[in-house]
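Lettering follows sequence order; numbering is per chain, from 1.
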Amino acid sequence: MRVRFAPSPTGQLHIGGARTALYNWLAARHGGGTFILRIEDTDRERSAPENTAQILEALVWLGLDWDEGPFFQADNEPRHRAVVEQLLADGRAYRTSASADDVRAWKDEYGDDRGFRGTAEDHGAVRLRVPDEGETIIDDLIRGTTAFRNVHLDDPVIARADGSPLYNLAVAVDDLDAGITDVIRGVDHLSNTQKQVLVLEAMGEKPPRYAHLSLLHGPDGKKLSKRHGAESVQDLRDKGYLPEAVRNYLALLGWGDADDETLIPTDELVRRFEFSTVTQAPAQFDEAKLRWINGRYLHQLSHEELTARVEAFVGREGLGPAVAIAGEKIQTLAEFWPLCGFIWDGPANDPKAREKWLGAANAPALLAAREVLGALDRWATEAIEGALRGVVEAQGVKPNDVFQPVRVALAGTTVSPGIFETLELLGRDESLKRLDGAI
RNA sequence: GCCCCCAUGGUGUAGCGGUUAGCACGCCAGGUUUUCAUCCUGGUAGCAGCGGUUCGAUUCCGCUUGGGGGUACCA
């Protein structure tokens with residue numbers, strides 16, 4: 001089995017593309033096949049090298065390693081041109097100056113469901129000659145058989161007037177030359193498939209197998225975009241998701257088997273992936289579920305591993321101790337700093353929190369807490385907890401009436417890792433200093 | 001307009017003629033807890049509609065409706 005992922009470098013790798021890449025990768029790894037990366041850059045206007053770099057970066061981050069490539073479609077232009085010449089010579093294609101307007105005029109005359117058929121001229125764009133009779137049958141691994149009647153199809157343009165090859169010609173030729181056995185891509189290419197199969201037939205070649213994946217939508221059922229919070233793989237990475245969690249989540253968007261489990265590690269996905277159980281219906285990207293899955297993966301990480309990931313994400317070192325007391329509270333890497341930044345940056349500025357917990361009502365408790373902590377001879381979590389609970393006891397108040405003021409004094413807000421652990425981590429001097437600052 | 005794809009709770013899915021329609025996320029309500037988050041328990045909610053086929057349809061077929069894609073000298 002030889003499969004390929006063939007993005008066009010017109011932007012970052014979006015989530016739908018990432019899923020297509022993942023399914024290709026899973027199919028290849030499952031069957032011991034070869035995963036090929038090809039950049040479809042025949043659109044010179046919209047293709048940009050920096051986009052290619054971004055796509056490669058995204059695939060690397062996702063852990064989807066390719067076996068061959070990246071190949072660039074534009075590099076094969078000589079071969080594409082040769083095929084066009086051959087089709088022209090064989091009478092399977094023809095040049096015509098017919099424009100879009102001419103095609104429309106044809107429809108007006110013969111009806112909307114009658115494909116445009118031009119007459120050969122000695123100049124103009126190259127169109128493939130489509131027979132009126134018969135139909136093109138596409139056997140899809142996911143969708144079964146689809147038949148397109150040839151009469152409905154306009155003779156497709158396969159090369160511009162200047163001779164440069166177009167997508168439907170280039171893909172067909174490249175897949176053929178690369179020995180691709182299974183073309184796995186989005187359903188948005190299903191209609192194109194007819195043209196590509198026709199090109200192959202005109203060349204006297206056999207088409208590969210096809211597997212068309214349903215598309216991904218945003219929460220509103222519309223096309224996935226930035227509005228939905230995340231659009232590209234980079235967005236996901238920047239929001240603190242782990243690549244293994246993204247792989248798991250994306251795999252579930254359009255695939256499921258009888259076990260119907262949610263948490264499936266990558267090696268398990270590889271083992272279980274089958275086209276027969278790929279869904280036909282479009283799926284909506286649901287970030288809440290990704291977040292949940294991410295939390296599960298994140299909490300499974302060893303302390304060392306989690307620390308390394310958090311440090312890489314935050315761009316700082318020496319975060320181990322804080323990760324130790326905050327790791328279980330975060331679902332994504334991005335949540336670490338908002339929760340723990342106060343340790344290095346000092347108390348956050350949260351007027352509401354100060355007003356509520358550092359007012360006159362809690363002053364006695366805070367004072368008492370400062371007192372016992374200052375007198376502590378062993379600065380360790382258990383001792384700190386004991387001392388603070390003693391204050392609760394002595395003041396005859398609720399635990400929160402002591403803990404929350406202390407928390408706000410240290411962190412500046414009402415949310416932080418466990419207060420006893422935070423006290424220990426901050427150290428005696430810094431803790432007392434912040435307490436004094438709040439009194 | 002024309003061609004094509006799709007349709008189980010809010011979301012992702014299991015189901016492959018006879019089930020109290022299962023699981024997960026979310027949501028709601030409790031519980032654990034020093035805040036938050038986690039975690040535990042329970043609950044809420046679904047086969048788009050109409051015709052067939054059949055003793056019997058979520059499941060098979062058709063139509064309708066709805067959603068999506070294509071219809072470029074883009075990919």
Atom-to-atom span, [atom1] of [X] to [atom2] of [N] - whole angstrom:
X	N	atom1	atom2	answer
A:L166	B:A72	CG	P	12 Å
A:D350	B:U35	CG	C1'	12 Å
A:I419	B:U34	CD1	P	13 Å
A:R38	B:A75	CZ	P	12 Å
A:F148	B:C4	CZ	P	7 Å
A:L153	B:G70	CG	P	15 Å
A:H14	B:A75	NE2	P	16 Å
A:H299	B:A37	NE2	P	13 Å

Take atom [atom1] in [N] and the same atom in [M], then report the distance between them in whole Å.
N	M	atom1	result
B:G26	B:U20	P	30 Å
B:A37	B:U32	C1'	13 Å
B:U8	B:G66	C1'	16 Å
B:C55	B:A14	C1'	28 Å
B:U58	B:G9	P	14 Å
B:C6	B:C63	P	13 Å
B:C27	B:U44	C1'	8 Å
B:G46	B:C5	P	31 Å

Under a 3.5 Å cut-off for both distances, is [N] Watson-Crick or wobble paired, and to whom?
N	value
B:C23	B:G12
B:C28	B:G42
B:G51	B:C61
B:G1	B:U71

Looking across every strand, which nucleic acid part, if any, lies under 4.0 Å from [X] by heavy atom: base, sugar-phosphate, or nothing?
X	result
A:S416	base
A:D259	nothing
A:G254	sugar-phosphate
A:Y249	nothing
A:P417	base
A:R127	sugar-phosphate
A:A161	base
A:T42	sugar-phosphate
A:T279	sugar-phosphate
A:E135	nothing
A:R407	base
A:Q331	sugar-phosphate

Subject >> Stacked cation flag A:R309 on A:F313, 6.0 angstrom / 45 deg >> reply: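 Here A:R309 fails the 6.0 Å and 45° test against A:F313.
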Subject >> Close side-chain approach of A:F342 and A:P347, heavy atoms under 4.5 Å >> reply: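 Result no, sub-4.5 Å side-chain heavy-atom pair not found.
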Original post:
Are the side chains of A:L200 and A:D175 in touch, meaning some heavy atoms are under 4.5 Å apart?
Top reply: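 Not touching, per the 4.5 Å side-chain cut-off.
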**OP:** Answer yes when A:R272 and A:E274 have at least one side-chain N-carboxylate O distance shorter than 4.0 Å, and no when they do not.
**Re:**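 No.
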Subject >> A:D112/A:K107 salt bridge by N-O under 4.0 Å criterion >> reply: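 Judged by the 4.0 Å cut-off on N to carboxylate O distance, A:K107 and A:D112 do not form a salt bridge.
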Below 30° counts as parallel, above 60° as perpendicular, anything between as tilted: where do the rings of [X] and [Y] land?
X	Y	result
A:Y210	A:H212	parallel
A:Y249	A:F285	perpendicular
A:W344	A:W337	parallel

Is there a donor on the side chain of [X] or the base of [N] sitting less than 3.5 Å from an acceptor on the other?
X	N	result
A:D41	B:A75	no
A:K195	B:U71	no
A:R389	B:U34	no

**OP:** Would you indicate, yes or no, if B:U35 has its OP1 or OP2 atom less than 4.0 angstrom from a side-chain nitrogen or oxygen of A:Q404?
**Re:**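 No, no such contact exists.
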Original post:
Do side-chain atoms of A:H217 reach the backbone of A:A283 as a donor and acceptor pair under 3.5 angstrom?
Top reply: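 Not at all, since once roles are kept as given, no pair shorter than 3.5 Å links the two residues.
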Counting heavy atoms from C-beta on, name the nucleotide in [options] closest to the side chain of [X].
X	options	answer
A:R160	B:A7, B:C39, B:A75	B:A75
A:P399	B:A75, B:G1, B:U34	B:U34
A:D154	B:G12, B:A75, B:U71	B:U71

**OP:** Identify which one of A:D140, A:D139, A:D182 satisfies the salt bridge (charged side-chain N to carboxylate O under 4.0 Å, His left out) criterion when paired with A:R209.
**Re:**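 Among A:D140, A:D139, A:D182, the one meeting salt bridge (charged side-chain N to carboxylate O under 4.0 Å, His left out) with A:R209 is A:D182.
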Subject >> Letter per nucleotide, 5' to 3', of nucleotides 57-69 of chain B [B base touched, S only sugar-phosphate touched, - untouched; heavy atoms, 4.0 Å] >> reply: -----------SB
**OP:** List the steps and the verdict of side-chain contact (heavy atoms from CB on, under 4.5 Å) for A:I158 and A:L87.
**Re:** CA-CA 10 Å; A:I158 56 175; A:L87 292 175; 4.0 Å; yes
